[in-house]
Amino acid sequence: MIAVIDYDTGNVKNVMKALTYVGLESILTDDADEILSADGVILPGVGSFGPAMDELNKRDLVPVLQEVVQRKIPLLGICLGMQLLFETGYEFGQHQGLGFLPGKIVEIPAKEGLKVPEMGWNQNEVLQPASRFAGVDGKFTYFVHSFYADCPQEIVVAGVQYSTFIPSVVSQESVVGMQFHPEKSTDAGLDLLKAYKGMVEEYVDTRN
């Protein structure tokens, strides 16, 4: 069972439908016991960094997510959920993030001919061909965002070119982030969720 974190940010129905399609049962929850007993945890999100962190804190979910990482339960952050995995966000001020990944969330730089937010399809380039998520190489995925992760290259699995290089998939131990929406990215997105499913299955085997 996959616990999809319920913290009142964004529509998660499509995420849960996509999980069902790749063979993962899921539940939308903010209950600590349900989250910590899950085989995998997904942190979705659409909106702004600061209010999203406020909501996680209000629901006492930050220590729960910290324990998820300590237990090495596979944690996947999607879009804003990926951004919250980092140390600091600079959207409408400076905000402390979850700190599971090194780096900061900063605004996409302006460039003539390109709009911010980036909204639409962009082609991924893989930097870590040995990663389980390397299947995204050369494939287009769907983005909607104004901020991106400025982070060490060693955790960047893949990225896209816009007005700057934007990490699209990041990974460190049991923590994974996807800046795009896999649930809106047709077969490429589903393949990545299948790769996450493999990560979950390995965790379950280890736990058992």
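Just so it is clear, the values below take in all heavy atoms, side chains as well, and ignore hydrogens, waters and symmetry mates.
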Item to complete: Take Cys79 and Met178 through the side chain to side chain contact (heavy atoms under 4.5 Å, CB included) test and state the conclusion after the steps.
Response: CA-CA 6 Å; Cys79 195; Met178 299 178 188; over 6 Å; no
Worksheet item: Passes side chain to side chain contact (heavy atoms under 4.5 Å, CB included), Leu65 versus Leu98? Steps please.
Response: CA-CA 8 Å; Leu65 289 168; Leu98 292 167; 4.1 Å; yes
Practice prompt. Any chance you could lay out the side chain to side chain contact (heavy atoms under 4.5 Å, CB included) test for Val170 and Met82, step after step, and finish with the verdict?
Written response: CA-CA 9 Å; Val170 293; Met82 166 184 152; 4.0 Å; yes
Item to complete: Tell me, with the steps shown, if Leu85 and Val175 meet side chain to side chain contact (heavy atoms under 4.5 Å, CB included).
Response: CA-CA 8 Å; Leu85 300 175; Val175 179; 3.8 Å; yes
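Ile42 places none of its side-chain heavy atoms less than 4.5 Å from the side chain of Ile5. In this structure, Val176 and Met199 have side chains that are in contact, with non-hydrogen atoms separated by less than 4.5 Å. The closest side-chain heavy-atom distance from Met53 to Val62 is below 4.5 Å. Under the 4.5 Å side-chain criterion, counting only non-hydrogen atoms from C-beta, Glu125 is not in contact with Val160. Counting heavy atoms from C-beta on, the side chains of Ser131 and Val126 never come closer than 4.5 Å. A heavy-atom distance below 4.5 Å is not found between the side chains of Glu25 and Ile2. Side-chain atoms of Phe86 and Cys151, non-hydrogen and from C-beta on, do get closer than 4.5 Å to each other. Considering only heavy atoms from C-beta on, His95 stays 4.5 Å or farther from Thr88 through its side chain.
Rounding to the nearest 0.5 angstrom, the gap separating the CG atom in Leu193 from the CG atom in Leu76 is 7.0 Å. For the atom pair CG of Leu127 and CD1 of Ile155, the computed distance is 11.5 Å after rounding to the nearest 0.5 Å. The distance from atom CD of Glu201 to atom OH of Tyr196, rounded to the nearest 0.5 Å, is 11.5 Å. Summarising the geometry, atom CG belonging to Leu61 is positioned 12.5 Å from atom CD belonging to Glu67; distances are rounded to the nearest 0.5 Å. How far CG of Asp6 is from CD of Glu34: 10.5 Å, rounded to the nearest 0.5 Å. Rounding to the nearest 0.5 Å gives a distance of 8.5 Å between CG of Leu80 and CD of Gln179.
With hydrogens and angles ignored, the 3.5 Å screen pairs no side-chain donor or acceptor of Gln123 with any backbone N or O of Phe140. Listed for the Ser48 side chain is no donor-acceptor partner under 3.5 Å among the backbone atoms of Gly50. In this structure, the side chain of Glu91 engages the main chain of Phe49 through a donor-acceptor pair within 3.5 Å. For Lys197 (side chain) and Val22 (main-chain N/O), a donor-acceptor pair under 3.5 Å exists by modelled atom type. At distances below 3.5 Å, not a single donor-acceptor pair connects side-chain atoms of Ser26 with backbone N or O atoms of Ala3. Side-chain atoms of Asp150 do not come within 3.5 Å of backbone N or O of Ile105 as any donor-acceptor pair. Remark: the backbone N or O of Asp30 is not paired with any side-chain donor or acceptor of Arg59 at under 3.5 angstrom.
Contact between Ser168 and Phe143 at its shortest, heavy atoms only, is CB-CZ, 3.8 Å. Pairing each heavy atom of Gln128 with each of Val156, the nearest pair is NE2-O, 3.1 Å. Shortest non-hydrogen contact noted between Ile35 and Ile73 is O-CD1, 4.5 Å. When all heavy atoms of Gln172 and Phe100 are compared, the closest pair comes out as NE2-O, 3.5 Å. The two residues Gln83 and Tyr148 have their closest heavy-atom pair at NE2-N, 4.3 Å. Shown here for Val136 and Ala158, the closest heavy-atom pair between the two residues is CG1-CB, 3.8 Å.
One hydrophobic cluster, built from ILVMFWY side chains closer than 4.5 Å, holds both Leu19 and Leu28. When the side chains of ILVMFWY residues are joined at heavy-atom separations under 4.5 Å, either directly or via intervening members, Trp121 and Val169 end up in two distinct hydrophobic clusters. In this structure, Leu36 is a member of the same hydrophobic cluster as Val4, with clusters built from ILVMFWY side-chain heavy atoms closer than 4.5 Å. Note: the hydrophobic cluster containing Ile27 does not contain Val64 (ILVMFWY, side chain heavy atoms under 4.5 Å, direct or indirect links). Met119 and Tyr162 end up in different hydrophobic clusters when Ile, Leu, Val, Met, Phe, Trp and Tyr side chains are linked at under 4.5 Å.
Exactly one of Asn122, Thr186, Asn124 qualifies for a side-chain hydrogen bond (donor to acceptor under 3.5 Å, both in side chains) with Thr141. That residue is Asn124. Exactly one residue among Val12, Asn57, Asp54, Leu43 makes a side-chain contact (heavy atoms from CB on, under 4.5 Å) with Tyr7. That residue is Leu43.
A salt bridge does not link Glu183 to Lys17: none of the charged nitrogens lies less than 4.0 Å from a carboxylate oxygen. Here Lys139 does not pair with Asp187 in a salt bridge; the nearest charged N to carboxylate O distance is not below 4.0 Å. Between Glu202 and Arg132 there is a salt bridge, since a side-chain N of the basic residue sits under 4.0 Å from a carboxylate O of the acidic one.
Heavy-atom neighbours of Gln96 CD from other residues, nucleotides or ligands within 6.0 Å: at or below the threshold of 12.
The six-membered or imidazole ring of Phe180 lies away from that of Tyr142, with a centre-to-centre distance of 6.0 Å or more.
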